[in-house]
A.B. asks: 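Pasting a structure below so you can have a look.
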Amino acid sequence: MEKLVLIDGHSILNRAFYGVPGLTNSEGLHTNAVYGFLNILFKLLEEEKPGYLAVAFDLKAPTFRHTMYDAYKGTRKPMPEELHEQVPLMKEVLTAMGIPIFTREGYEADDILGTVAKKAQAAGMEVTVVSGDRDLLQLSDAHIKISIPKTSRGTTEVHTYYPEDVKREYQVTPEQFIDVKALMGDTSDNIPGVPSIGEKTATNLILQFGSVNGVYEHLSEVKPPRAKKSLEEHRDLAELSYKLAKICIDAPVEFSPEDARIGDLYTKEAYEYMSRLEFKSLLARFGDHVKKEAAAALDFHAVTDLAVAEALFQKAMGSERTGAVLLAEGPEISGAALCLDGQNAYLIQKEGFLTGEYLAEKMTELYRTGHVWTLGLKSQLPFLDLGYGDTVYDAAVAAYLLNPLKDTYDYDDLARDHLGLTAPSRADLLKKLTYAEAMDQEPEAFLSFAGFLGHCAYQSGGILMEKLEAEGMKDLYLEIELPLIYALYHMEEEGIAVKREELSAYGEKLKQQITVLEQEIWDMTGSQFNINSPKQLGEVLFEKMGLKGGKKTKTGYSTAADVLEKLAPDYPVVQKILDYRTYAKLNSTYAEGLGNFIGPDGRIHSRFNQTITATGRISSTEPNLQNIPIRMELGRAIRKVFVPRDGFVFLDADYSQIELRVLAHMSGDSRLIEAYRSAQDIHAITASQVFHIPLDQVTPLKRRNAKAVNFGIVYGISAFGLSEDLSISRKEALEYINQYFETYPGVKTFLDGLVADAREKGFVSTMFGRRRPVPELGSANFMQRSFGERVAMNSPIQGTAADIIKIAMIRVDRRLREEGLESRLILQVHDELLVETAVREKAQVERILSEEMSRAAALKVPLEIDMHDGKNWFEAK
DNA sequence: TTGCGGCCT
DNA sequence: GCCTAAGGCCGCAAC
């Protein structure tokens with residue numbers, strides 16, 4: 001079928017302008033947008049291989065929308081000059097490449113795209129419309145695909161939408177997309193919408209009634225009374241917005257495919273432009289575009305036959321090392337990738353006798369041999385029957401230990417960073433298809449994906465263990481990180497029960513307060529603005545009302561809490577704003593945010609990530625359960641909705657000052673060690689020794705200062721930071737620091753040694769050998785170098801504490817299971833473990849927690865634990 | 001997407 | 001003078 005690609009010129013140019021860092025050629029011309037546009041264009045040509053191509057641009061002249069709606073004139077945002085000057089340049093380059101440019105007076109590019117796309121579809125063509133603007137999704141059709149490229153950090157990812165994709169993401173059909181937009185409006189397009197109807201309400205209404213007309217036909221049934229009232233009052237607005245939002249598909253544009261047939265893009269004129277604009281990588285492309293990419297030397301095989309699969313598993317079981325990944329997403333197994341040598345890789349597809357159950361069983365058997373290297377074991381565990389006794393090597397976790405500073409550890413990352421191989425990424429091969437979709441729709445790409453995945457897992461096994469051993473991290477890997485995968489998986493599976501009704505009642509109370517505060521703030525400031533917008537808030541406070549407290553951020557006035565708190569005593573409205581912020585935060589992030597994650601089992605199953613942090617801590621996402629409020633009473637109350645199941649209580653155990661104890665141990669400072677061996681109150685004893693006062697005469701203020709110094713030491717002390725924290729002069733802060741170091745000279749020697757060591761070796765290490773590279777120390781920039789010094793001081797301390805609690809987690813989780821208990825570890829919050837404990841097992845679990853946490857490491861000071869129980873998380877802290 | 005602001009250890 | 005205390009995640013606004 002004939003393929004046509006249509007590009008929304010201004011939109012893509014705009015995307016490229018913001019996505020690509022500033023570039024100028026030697027004439028001083030800005031070129032970044034043109035460069036980004038061309039990169040997107042070439043990527044499209046490679047992926048789509050279209051026979052036809054055209055680009056649509058807006059004209060300056062007013063369009064039919066302006067005659068409909070005066071305010072539409074305000075729509076067009078002023079284009080930055082640096083972008084504006086690239087528009088004619090872009091058109092010239094396209095012309096040089098023989099690519100047609102479509103424009104029409106009185107219409108926007110959207111309308112031209114809509115009209116041409118529908119005409120081409122009617123003529124039997126397969127159309128791809130490329131834009132950065134999601135409004136175009138309304139054009140999505142059986143043979144019209146909407147492509148939305150995203151450029152960041154030099155790489156471009158393309159998201160594509162057929163009608164079913166639109167439905168999956170927005171729930172509504174492409175046509176209804178217009179209806180939703182008409183109701184909710186769009187500030188960036190100056191489409192007014194109906195007041196007080198947001199995205200959620202609009203989507204719900206359209207889902208319920210089908211269209212804007214449908215909504216008005218059933219106005220009496222419309223649910224939130226506020227929305228109903230607003231709809232009644234603003235029917236004109238809704239109808240106008242619909243007309244503005246709807247893209248015209250019958251603009252007076254002629255289209256015959258021949259106008260858009262792609263000829264030779266690599267013309268001499270185009271080459272000259274690339275040269276003048278100094279696009280070196282594109283010049284190279286022009287130079288060798290004929291050269292085919294060297295075909296991959298690997299052999300990938302698809303296995304669909306039971307006997308063949310049996311033989312392959314048999315061989316894998318007996319081989320010295322196997323690369324294997326169970327391809328599973330959501331609840332579904334799609335296949336298995338296997339690799340037994342450096343040449344061949346296999347995709348065993350779920351098909352016929354090769355059922356999901358069969359694959360799960362064979363893979364379990366294979367993984368139990370103890371010679372399997374995989375990638376992302378935790379996400380495969382729901383389908384496998386494995387436990388602490390089974391060692392499965394996870395290459396992603398190994399790669400994380402070797403360099404914890406990277407964002408991702410996918411197979412293509414491993415290929416590049418460790419195997420000297422360039423592998424196409426999942427996004428390159430499968431776009432955004434799921435495994436099941438890819439296997440069905442793009443079987444060759446899926447085979448390739450599985451092949452590279454298996455190959456990289458296998459090859460990683462040949463190299464990563466050697467690297468770990470060479471860097472002294474083999475034990476860390478085998479004894480801590482690999483078993484930890486099971487502990488994290490168990491916590492994810494277990495989840496934590498949340499009282500849904502109580503949570504939403506809590507949210508309702510907050511919302512009432514928010515409404516009241518909002519009105520009061522509007523009255524007191526004399527303008528109805530969005531209090532959530534730091535920009536608007538800054539303007540109202542510091543310009544309209546003239547409060548003192550000038551600029552602080554890059555983009556405007558700082559309205560951060562510490563700034564506002566200084567103003568609160570003098571201006572009552574500022575306190576209201578701070579209160580509003582508190583309520584709004586608690587409602588959006590916690591009441592509503594957490595509510596969205598309660599599963600059908602009434603529990604929240606957060607994800608615990610093992611390869612995110614630079615220091616070795618784990619992180620929690622979807623939702624983050626490691627930042628549930630505790631400091632303020634109002635927020636702390638949220639913890640009451642986290643409850644144990646019937647017949648259970650919560651037992652919560654946390655390490656007392658673990659980082660300071662780690663510091664005492666690692667530094668070996670004898671005075672600090674002696675102090676912590678006996679101390680009940682570590683900050684008080686620090687105050688007593690540093691400020692030379694008897695322990696029983698330490699005032700709360702002195703203790704507070706000592707506590708701040710202790711924090712400073714752990715964070716990588718700086719006089720500036722300490723002075724900010726205590727609101728004292730930098731000189732005074734420096735005096736505190738010097739006094740501290742005089743008192744504990746071993747700490748000073750230790751921290752200086754860490755920095756010197758890091759400078760020499762390029763990394764720092766924890767007690768258990770975990771490394772963190774510190775490249776910033778080599779920087780010529782003072783700020784960056786200082787940052788590197790703080791990293792060098794903090795990471796070994798924070799990281800060692802992370803190692804210790806990981807050891808404790810593994811042992812606690814193992815013992816609960818191996819001793820046949822029903823109690824389960826369900827959360828870790830950096831220095832805290834939460835166990836959902838069967839009432840009759842309480843004493844035993846207390847003993848397990850206490851023993852395993854204290855014994856996790858043998859330090860020169862005791863590891864002390866505070867433990868509480870309760871019928872919810874609030875009580876158990 | 002980025003920046004701001006805010007919650008945790 | 002630099003204008004940073006360490007490590008995270010997430011909602012919102014504006015781009």
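Computed from a prediction, not measured in an experiment: that's the story for all the values here. Naming: A, B, ... by sequence-line order, numbering from 1 per chain. Worth knowing before you read on, the calculation uses all heavy atoms, side chains too, and leaves out hydrogens, waters and symmetry mates.
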A.B. asks: Determine the interatomic distance between C1' on B:dC7 and the same-named atom on C:dC3; round to the nearest Å.
C.D. replies: 24 Å

A.B. asks: Among the nucleotides C:dA13, C:dA5, B:dG5, which one has an atom lying closest to any side-chain atom of A:Ala560?
C.D. replies: B:dG5

A.B. asks: So A:Ile797, base contact, sugar-phosphate only, or nothing? Heavy-atom distance under 4.0 Å.
C.D. replies: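 No contact.
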
A.B. asks: At under 4.0 Å between heavy atoms, what does A:Leu722 touch on the DNA or RNA strands: base, sugar-phosphate, or nothing?
C.D. replies: base

A.B. asks: With respect to the side chain of A:Met783, which nucleotide from C:dA5, C:dG7, C:dC3 is positioned closest?
C.D. replies: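 Per side-chain heavy atoms of A:Met783, the pick is C:dC3.
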
A.B. asks: With heavy atoms under 4.0 Å as the rule, sort A:Ala614 into base, sugar-phosphate or nothing.
C.D. replies: sugar-phosphate

A.B. asks: Could you tell me whether A:Asp752 and A:Lys748 make a salt bridge, using a distance below 4.0 angstrom between a side-chain N and a carboxylate O?
C.D. replies: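 Salt bridge flag = yes for A:Lys748 with A:Asp752.
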
A.B. asks: Let me know the distance between OH of A:Tyr583 and P of B:dC7, rounded to the nearest Å.
C.D. replies: 13 Å

A.B. asks: Return the nucleotide paired to C:dC2: Watson-Crick means purine N1 to pyrimidine N3 with N6-O4 or O6-N4, wobble means G-U with N1-O2 and O6-N3, both under 3.5 Å.
C.D. replies: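 Its partner: none found.
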
A.B. asks: For A:Arg636, which contact category applies under a 4.0 Å heavy-atom criterion: base, sugar-phosphate, or nothing?
C.D. replies: nothing

A.B. asks: Look at all strands and tell whether A:Asn781 reaches a base, only sugar-phosphate, or nothing, counting heavy atoms closer than 4.0 Å.
C.D. replies: nothing

A.B. asks: Rounding to an integer number of Å, can you tell me how far A:Lys585 NZ sits from C:dC12 P?
C.D. replies: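 About 10 Å, once rounded to whole Å.
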
A.B. asks: Tell me whether the centres of the aromatic rings in A:Tyr740 and A:Tyr744 are closer together than 6.0 Å.
C.D. replies: yes

A.B. asks: What's the closest nucleotide to the side chain of A:Arg631 if the choices are B:dG6, B:dT9, C:dA5?
C.D. replies: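 Nearest to the side chain of A:Arg631 among the choices is B:dT9.
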
A.B. asks: Which one, B:dG3, C:dC10, C:dA6, comes nearest to the side chain of A:Tyr715?
C.D. replies: C:dA6

A.B. asks: Using a heavy-atom cut-off of under 4.0 Å over every strand shown, decide if A:Ala561 touches base, sugar-phosphate, or nothing.
C.D. replies: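 Result for A:Ala561 = sugar-phosphate.
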
A.B. asks: If you check every side-chain atom of A:Ser588, which of B:dT9, C:dC12, B:dC8 has the closest atom?
C.D. replies: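 Closest nucleotide among those given: C:dC12.
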
A.B. asks: Contact list please: residues 704-714 of chain A against DNA chain B, heavy atoms, distance less than 4.0 Å, in numerical order.
C.D. replies: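 Heavy-atom contacts with DNA chain B come from no residue of residues 704-714 of chain A; none.
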
A.B. asks: Between the base of B:dC7 and the side chain of A:Asn627, is one N or O donor paired with an acceptor at under 3.5 angstrom?
C.D. replies: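 A donor-acceptor contact between them is present.
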
A.B. asks: Let's see if you can work this out: which of C:dG8, C:dA6, C:dC10 has an atom nearest to the side-chain heavy atoms of A:Thr621?
C.D. replies: C:dC10

A.B. asks: How do A:His830 and A:Phe720 order along DNA chain C: which one's closest nucleotide is nearer the 5' end?
C.D. replies: A:Phe720

A.B. asks: Find the distance A:Leu625:CG to C:dC9:C1' and express it as a whole number of Å.
C.D. replies: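 To the nearest whole Å, that distance equals 11 Å.
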
A.B. asks: Should the pair A:Trp873 and A:Phe642 be assigned to parallel (<30°), tilted (30 to 60°) or perpendicular (>60°) ring geometry?
C.D. replies: perpendicular

A.B. asks: Rounded to the Å, how far apart are A:Lys554 NZ and B:dT2 C1'?
C.D. replies: 9 Å

A.B. asks: CZ of A:Phe782 versus P of C:dC3: gap in Å, rounded?
C.D. replies: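 Result: 10 Å.
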
